[in-house]
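One structure is given below, represented as structure tokens, and several questions about it will come after.
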There are 2 protein chains.
Amino acid sequence: MTATREPRRGRPPKGAPQLTRQAIVTATLKVIDIDGIDAVSMRSVARILGVDPKSLYNHVAGKDGLLDAVAEEILGSMHLPEPTGDLRDDLLAIGHAFRESALAHPQAAPLVLTRQLASLEGLAPVEAVLTVLRAAGCPPRDAVPILRTLVATLIGTLLREVHAGPTYGITDVAGIAQRRTTLEQSGLPRVAEAAADLARFDSDAEYQFTLNLAVDAVTARLSAT
Amino acid sequence: MTATREPRRGRPPKGAPQLTRQAIVTATLKVIDIDGIDAVSMRSVARILGVDPKSLYNHVAGKDGLLDAVAEEILGSMHLPEPTGDLRDDLLAIGHAFRESALAHPQAAPLVLTRQLASLEGLAPVEAVLTVLRAAGCPPRDAVPILRTLVATLIGTLLREVHAGPTYGITDVAGIAQRRTTLEQSGLPRVAEAAADLARFDSDAEYQFTLNLAVDAVTARLSAT
DNA sequence: ACCTGAACACCGTTCAAGT
DNA sequence: ACCTGAACACCGTTCAAGT
């Protein structure tokens, strides 16, 4: 005789798995990976945990706090490389590590790239870049704006990449062709002229290009002092 | 005998001002400027127009289309400078024009910086940058990735600026002091060391710095060919 | 300490019916 | 062609009451 499962009341029986902040974050990531960021709601997350939406408020500061927690989780799982002592190599390595962590959950990337994180998780990459710049003999006062420029460039590039999505890649030939003719008929001469190049987008290559350009700029600036 | 104002029904009397796409966009901007972007809803916008929320659907493709329209409006009002023929000067001028238009409605800036715009409005700045690069002898194939890097850098920087908000500036001494001690106690040595510089943020100066660095990188890359 | 019922004040959107 | 009533399926969040 299987009793029809009644909704629990009060604290759960000791055998039951406690609702935990980590479980909530994981569930949220699941929602994001499957249905995208707009599908995140206190209700949708609670649903896949088999819990009342209001229970989440015991572990997370509202929906905003939940999204912050997700961003921190992703940033916290970033694998920072050991510095080798070579400025260029080290900056490039950090740049690639940043991209890798952001793209681990592409649909969640805007969160990581966009949220102003007050927590310590957000500071680990900052520490990494500062360490490399300081090792190259750059004083903190000069290092900070360089750090900010570098981060801004990577964020801007990654934001473009994740917003463009897979559609905008190099595989969807039909889509590329269609975008190309749109651009050719835009009435803007330079845009039309470059339509073939504007219509396609190789994210790996473009990231590489931008990162290299940024690192070049930084090393040039530093050696100029 | 003043009749109690009954809600209109059907098409409005010919004297009444027609609901128009432009009016809707303007009203939305008003909501954003006053209460921020999260305050935008079909209902809030309709309310200040004295209209039923559903009427908006006759002029705008849902809430998403509404936000796109706002972004296009802002981008469309960007004042692009006449090219002088000097690569550096022209790129700097476009960069400053971009910032100016984005900051005309600071609360709406994330829209402009973040939305993937399919419309022609979004192409005007692209045309401007391409024109300058082509004038400097750069072939389209090389110009496009440079353009993308440039735009990504500006977007990343402006995003940081608007997210930081006025609080994070250089005027709020108390806030700066508090952030500084937080950073000093972060346990991260390089962060602690640079705490004084990390705690403050002069947006004008930083934008100038980043823009210069980016333009330097581009000109260096071009003359290397 | 943690969970939920009841409740509140919101959302975006469709569709048919009006003029 | 444009507007709205009725309606639907959602939201986030508070607070008191349970265990």
Side-chain angles (χ1 to χ4, degrees), chain A residues 3-28 30-32 34-71 107 111 115, chain B residues 3-32 34-71 111 115:
Chain A
T4 60
R5 190 73 152 68
E6 298 199 358
R8 276 189 275 94
R9 185 63 189 269
R11 210 164 171 191
K14 55 187 166 206
Q18 271 273 62
L19 183 55
T20 188
R21 187 182 164 88
Q22 181 58 54
I24 294 173
V25 169
T26 304
T28 310
K30 205 179 296 184
V31 173
I32 294 177
I34 296 176
D35 290 322
I37 218 168
D38 288 340
V40 174
S41 71
M42 301 306 268
R43 287 163 149 96
S44 66
V45 171
R47 198 176 306 130
I48 89 176
L49 287 168
V51 151
D52 188 282
K54 293 178 256 53
S55 301
L56 305 184
Y57 288 85
N58 288 301
H59 304 87
V60 136
K63 185 177 179 181
D64 238 54
L66 174 58
L67 295 179
D68 277 340
V70 171
Q107 308 233 59
L111 247 42
R115 300 227 139 210
Chain B
T4 61
R5 189 74 151 67
E6 298 199 357
R8 277 188 274 96
R9 185 62 189 269
R11 208 166 172 189
K14 56 187 165 205
Q18 270 273 64
L19 183 55
T20 187
R21 186 182 165 89
Q22 180 59 53
I24 293 173
V25 169
T26 304
T28 309
L29 264 174
K30 204 178 297 182
V31 173
I32 294 176
I34 295 176
D35 290 322
I37 217 168
D38 288 340
V40 174
S41 70
M42 302 304 270
R43 289 164 148 95
S44 66
V45 171
R47 199 176 306 130
I48 90 177
L49 288 168
V51 151
D52 188 282
K54 294 179 257 54
S55 301
L56 305 184
Y57 288 84
N58 288 301
H59 304 89
V60 133
K63 185 178 178 181
D64 237 54
L66 172 57
L67 295 179
D68 277 340
V70 171
L111 248 42
R115 300 228 138 209

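Chain letters run A, B, ... following the sequence lines, proteins first, then strands; residues in each count from 1. What you are looking at is a predicted structure, and each value in this text was computed from that prediction instead of being measured.
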**Study point:** Donor-acceptor under 3.5 Å (A:Thr20 side chain, A:Ala23 main chain)
**Key:**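 Here the side-chain-to-backbone pair does not exist.
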
Point to revise | Over all atoms of both residues, closest heavy-atom pair of B:Ala39 and B:Ser44 | key: O-OG, 2.9 Å

Check your understanding: Would you say A:His59's side chain and A:Leu19's backbone share a donor-acceptor pair under 3.5 angstrom?
Key -> yes

Review point. Side-chain donor or acceptor of B:Lys54 under 3.5 Å from a matching atom on the base of D:dG5?
Key: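 Pair found.
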
Review point. Distance from A:Ile34 atom CD1 to A:Gln107 atom CD, nearest 0.5 Å?
Key: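 If I round to the nearest 0.5 Å, the distance is 10.0 Å.
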
Check your understanding: Tell me, which of residues 22-32 of chain B have any heavy atom that sits under 4.0 Å from an atom in DNA chain D?
Key ->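 Per residue number, the list is empty: none.
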
**Study point:** Rounded distance [0.5 Å steps], NZ in A:Lys54 versus CZ in A:Arg43
**Key:**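 One gets 8.0 Å once the value is rounded to the nearest 0.5 Å.
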
Review point. Please give, in whole Å, the distance from D:dC3 C1' to B:Gln18 CD?
Key: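 Computing the B:Gln18:CD to D:dC3:C1' distance gives 10 Å.
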
Point to revise | Length of the CG-P vector between B:Asp35 and C:dC10, whole Å | key: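 About 13 Å, once rounded to whole Å.
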
Check your understanding: Expressed as a whole number of Å, how far does the C1' atom of D:dC11 sit from that of C:dC8?
Key -> 12 Å

Check your understanding: Is there a side chain to side chain contact (heavy atoms under 4.5 Å, CB included) between A:Val40 and A:Val70 once you walk through the steps?
Key -> CA-CA 11 Å; A:Val40 174; A:Val70 171; over 6 Å; no

Exercise for review: Note every stem involving DNA chain D: at least three consecutive Watson-Crick or G-U wobble pairs, i with j then i+1 with j-1, with both distances under 3.5 Å.
Suggested key: C:4-8 with D:12-16, C:12-16 with D:4-8

Check your understanding: In residues 36-48 of chain B, what residues come within less than 4.0 Å of DNA chain D, judged by heavy atoms?
Key -> none

Check your understanding: Can you find a side chain N or O atom of B:Ser55 that sits less than 4.0 Å from OP1 or OP2 on D:dC2?
Key -> no

Check your understanding: How long is the gap from OG1 on B:Thr28 to CG on B:Leu49, to the nearest 0.5 Å?
Key ->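 That separation rounds to 7.5 Å.
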
Practice item. Go through C:dT13, C:dC2, D:dC3 for me and flag the one nearest to the A:Asn58 side chain. Key: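 That would be C:dC2.
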
Check your understanding: From C:dC2, D:dC3, C:dG12, pick the nucleotide closest to the side chain of B:Lys63?
Key -> C:dG12

Practice item. For C:dA1, take OP1 and OP2 only and decide whether either is under 4.0 Å from a side-chain N or O of A:His59. Key: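 The answer is no; no side-chain N or O of A:His59 sits under 4.0 Å from OP1 or OP2.
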
Practice item. Using a 4.0 Å heavy-atom cut-off across all strands, classify A:Asp52 as base, sugar-phosphate, or nothing. Key: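 If one applies the 4.0 Å heavy-atom cut-off, A:Asp52 turns out to touch the sugar-phosphate alone, with no base involved.
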
Review point. Could you state the interatomic distance from CG (A:Leu111) to CG (A:Leu67), rounded to the nearest 0.5 Å?
Key: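 Here the rounded value is 5.0 Å.
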
**Study point:** side chain to side chain contact (heavy atoms under 4.5 Å, CB included) evaluation trace for A:Arg115 with A:Asp64
**Key:** CA-CA 10 Å; A:Arg115 300 227 139 210; A:Asp64 238 54; 3.7 Å; yes

Practice item. Kindly compute the distance separating CG (A:Asp52) from OH (A:Tyr57), expressed to the nearest 0.5 Å. Key: 10.5 Å

Practice item. Find the distance A:Leu56:CG to C:dA1:P and express it as a whole number of Å. Key: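 That distance rounds to 19 Å.
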
Exercise for review: Working to the nearest 0.5 Å, report the span between CG of B:Leu66 and CZ of B:Arg21.
Suggested key: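 So the CG of B:Leu66 and the CZ of B:Arg21 are separated by 8.5 Å.
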
**Study point:** Closest listed nucleotide, where the reference is the side chain of B:Leu19 and the choices are D:dG12, C:dC3, D:dC3
**Key:** D:dC3

